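Some notes on the structure that comes next.
Throughout, protein chains are lettered first and strands after them, A, B, ... in sequence-line order, and every chain is numbered starting at 1. This one's a predicted model, so the numbers in the text were calculated from it and none came from an experiment.
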Protein chains: 2
Amino acid sequence: MRTSSRQRRPTQKRAKATVNAIVEAGFISLSRHGLEGTTTRHIAEIAGVGVGSLYEYFANKEEVFDAMHQHVVREVVALVQPRIPELVRLDIRELVAELLYRYRDLLERDDGRYLRYMSYAAYFAPRNQLEPITQLLMNLLVQYVMHHPQLTRLGNLPAMGFIMINGGIFTVIRYLTDPNPAVDFDDLVRGLGDMVAHFVDGELGKSVNS
Amino acid sequence: MRTSSRQRRPTQKRAKATVNAIVEAGFISLSRHGLEGTTTRHIAEIAGVGVGSLYEYFANKEEVFDAMHQHVVREVVALVQPRIPELVRLDIRELVAELLYRYRDLLERDDGRYLRYMSYAAYFAPRNQLEPITQLLMNLLVQYVMHHPQLTRLGNLPAMGFIMINGGIFTVIRYLTDPNPAVDFDDLVRGLGDMVAHFVDGELGKSVNS
DNA sequence: TCATTTGTTCGGATTCAACTCGGATATGCG
DNA sequence: CGCATATCCGAGTTGAATCCGAACAAATGA
């Protein structure tokens, strides 16, 4: 793989449209034909371009998936980033609920296009490109703590952040992917909210008592 | 794919050894060459058999992965199942810690052979054969609650179980896969233990007060 | 405007891995 | 031993990923 040379940046408007169409087609093909069924010919055909055009801008099929990945990551960041000032003012349960519902909505948009991608994502992206999202949420966490000074007494923030962020991201994906979930999404959200809220209360109470 | 017919069950000792060698080789190839680099020729070569032999027992490469999957699942079940009677007697934090450390040890065994597999396969949403593990842990949870009667007052067990089980499984995989983790595993275990313990205390306290 | 250069598209040709086939070899049983 | 059945094999087929070079479109500049 990794053909290195002969790579092209789209400079003209037409070319950018082609690149967009290809990424878009990637999501569509993944939804329509699954992972195995997603061939470069399919993608090109759905995008309405020749296979050769695909290889003008992407060194290989993998890079198309990378581009899709970045697209999803950008969407998630765009979802949360601008709302941070508002989010840090929420009650902790409300914060959890708000993040989870928005996240779900995003994953279910366009017939679950992004969800479908995410459930395969680890397959293509061994190198952790989930980082920007983790960073963003860790950032949100820090800012949240700063806006609620009593929380600064909480112990090991990095570890708790890691747990809550990863636990949250994957639990939701698992849940939405489950064809026959045992509980409904509201229960899940409430449960995660309770978990976090009780943890905070418990930790703060502990500090006071000791 | 899915050639259906012409499938064979290994009946003789020699054939069983071949099948084992192939599954074993699957893990080795995955560790050594990654997912893309794992070809049927590689697997066959490592196993010391011809490609044709592989197709005597597996309809396609996918089925080799399925067999690997079942192997991992069986290992996890074997790890927990026989110890349930003992586990239910532990303090909640100890239980969490015990499960997590054993789970980590298993994933890291043989140079992370199983971890490598899980980091590719865990997300493999379509055929969710993670079920047996979820079932097992849910079972453990139920038995744990029965041995600690005060816990029966806890609300929504299914939802909490879903969160803790999936959160736990994926958080650990994510952690072990992270080339440069910000915290150490002990912090992670302590954090998850605190989370669960405070949740329980919080829920029980709430009931008492209301 | 037109010539030239640079960007873009295309789909047939090539490569390589999954999978097949039919024969060779081993086992086990009477 | 000799037949039947199980197992093994690797050259050959198929199809998807990728390459390539020619055709077409846009920009440039005189």
Side-chain angles (χ1 to χ4, degrees), chain A residues 1-26 28-30 32-68 120 123-125, chain B residues 1-26 28-30 32-68 120-121 124 126:
Chain A
M1 330 293 147
R2 203 61 41 212
T3 18
S4 69
S5 64
R6 243 169 51 67
Q7 205 65 211
R8 193 176 284 250
R9 287 299 79 214
T11 61
Q12 300 181 359
K13 209 189 299 179
R14 181 169 59 131
K16 285 182 184 166
T18 298
V19 170
N20 279 342
I22 290 170
V23 174
E24 178 85 352
I28 294 171
S29 176
L30 206 59
R32 204 180 281 172
H33 308 291
L35 183 60
E36 301 286 300
T38 292
T39 69
T40 49
R41 278 181 213 287
H42 264 143
I43 295 176
E45 189 179 0
I46 293 172
V49 304
V51 237
S53 299
L54 190 154
Y55 285 93
E56 283 295 327
Y57 303 102
F58 302 94
N60 47 47
K61 189 163 79 156
E62 186 71 15
E63 284 201 356
V64 177
F65 286 114
D66 283 352
M68 288 162 62
Y120 289 129
Y123 181 87
F124 325 112
Chain B
M1 334 292 148
R2 207 62 39 213
T3 16
S4 69
S5 67
R6 241 168 51 66
Q7 206 65 208
R8 192 176 285 252
R9 284 303 75 217
T11 61
Q12 299 182 359
K13 209 189 301 179
R14 180 170 57 134
K16 285 180 185 166
T18 298
V19 170
N20 279 343
I22 291 170
V23 174
E24 177 86 353
I28 293 172
S29 175
L30 206 58
R32 204 180 282 172
H33 308 292
L35 185 59
E36 300 285 301
T38 292
T39 69
T40 50
R41 280 181 212 287
H42 267 317
I43 295 176
E45 189 178 0
I46 293 171
V49 305
V51 239
S53 299
L54 191 153
Y55 285 93
E56 285 291 332
Y57 303 103
F58 301 94
N60 49 48
K61 189 165 77 157
E62 187 67 19
E63 282 201 358
V64 176
F65 284 108
D66 284 352
M68 290 162 62
Y120 288 129
F124 226 61

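- Contacts of Val19(B) classified as side-chain contact (heavy atoms from CB on, under 4.5 Å), with partners at least two apart in sequence or in another chain: Pro10(B), Tyr57(B), Phe58(B).
- With rounding to the nearest 0.5 Å, the separation of OG1 in Thr38(B) from CD1 in Ile43(B) is 6.0 Å.
- Nearest heavy-atom pair, Gly37(A) versus His42(A), reported as atom, atom and distance to 0.1 Å: O-ND1, 2.8 Å.
- Smallest separation of non-hydrogen atoms from Leu30(A) and Met68(A): CD2-CE, 4.0 Å.
- Nucleotide dA18(C) holds its C1' atom 8 Å from the NZ atom of Lys61(B), rounded to whole Å.
- Rounded to a whole Å, the CD atom of Glu45(A) is 11 Å from the P atom of dG11(C).
- Put simply, NE2 on His33(A) is 12 Å from P on dA16(D), counting in whole angstrom units.
- Across all their heavy atoms, Ala47(A) and Ala21(A) have their closest contact at CB-O, 3.5 Å.
- Straight-line distance from the CG atom of Leu54(B) to the P atom of dC21(C): 16 Å, rounded to whole Å.
- Using a distance-only test at 3.5 Å, with no hydrogens or angles considered, a donor-acceptor pair links the side chain of Asn60(B) to the main chain of Glu63(B).
- Rounded to a whole Å, the CD atom of Glu36(B) is 9 Å from the P atom of dT18(D).
- Following rounding to the nearest Å, Ile43(A) (CD1) and dA16(D) (P) show an atom-to-atom distance of 13 Å.
- Between Asn60(A) atom CG and dT15(C) atom P there is a gap of 18 Å when expressed in whole angstrom units.
- Atom CD1 of Ile22(B) and atom P of dC19(C) are 13 Å apart (whole Å).
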With the criterion being N/O to N/O and under 3.5 Å, what pairs connect the protein with nucleotides 5-12 of chain D, and how long is each?
residue : atom : partner  : partner atom : Å
dA6(D)  : O3'  : Thr11(B) : OG1          : 3.2
dT7(D)  : OP1  : Thr11(B) : N            : 2.9
dT7(D)  : OP1  : Thr11(B) : OG1          : 3.2
dT7(D)  : OP1  : Gln12(B) : N            : 2.8
dT7(D)  : O5'  : Tyr57(B) : OH           : 3.4
dC8(D)  : OP1  : Thr18(B) : OG1          : 2.3
dC8(D)  : OP2  : Tyr57(B) : OH           : 3.1
dC8(D)  : N4   : Glu56(B) : OE2          : 3.1
dC9(D)  : OP2  : Gly50(B) : N            : 2.9
dC9(D)  : OP2  : Ser53(B) : OG           : 3.3
dC9(D)  : N4   : Glu56(B) : OE2          : 3.3
dG10(D) : N7   : Gly52(B) : N            : 3.3

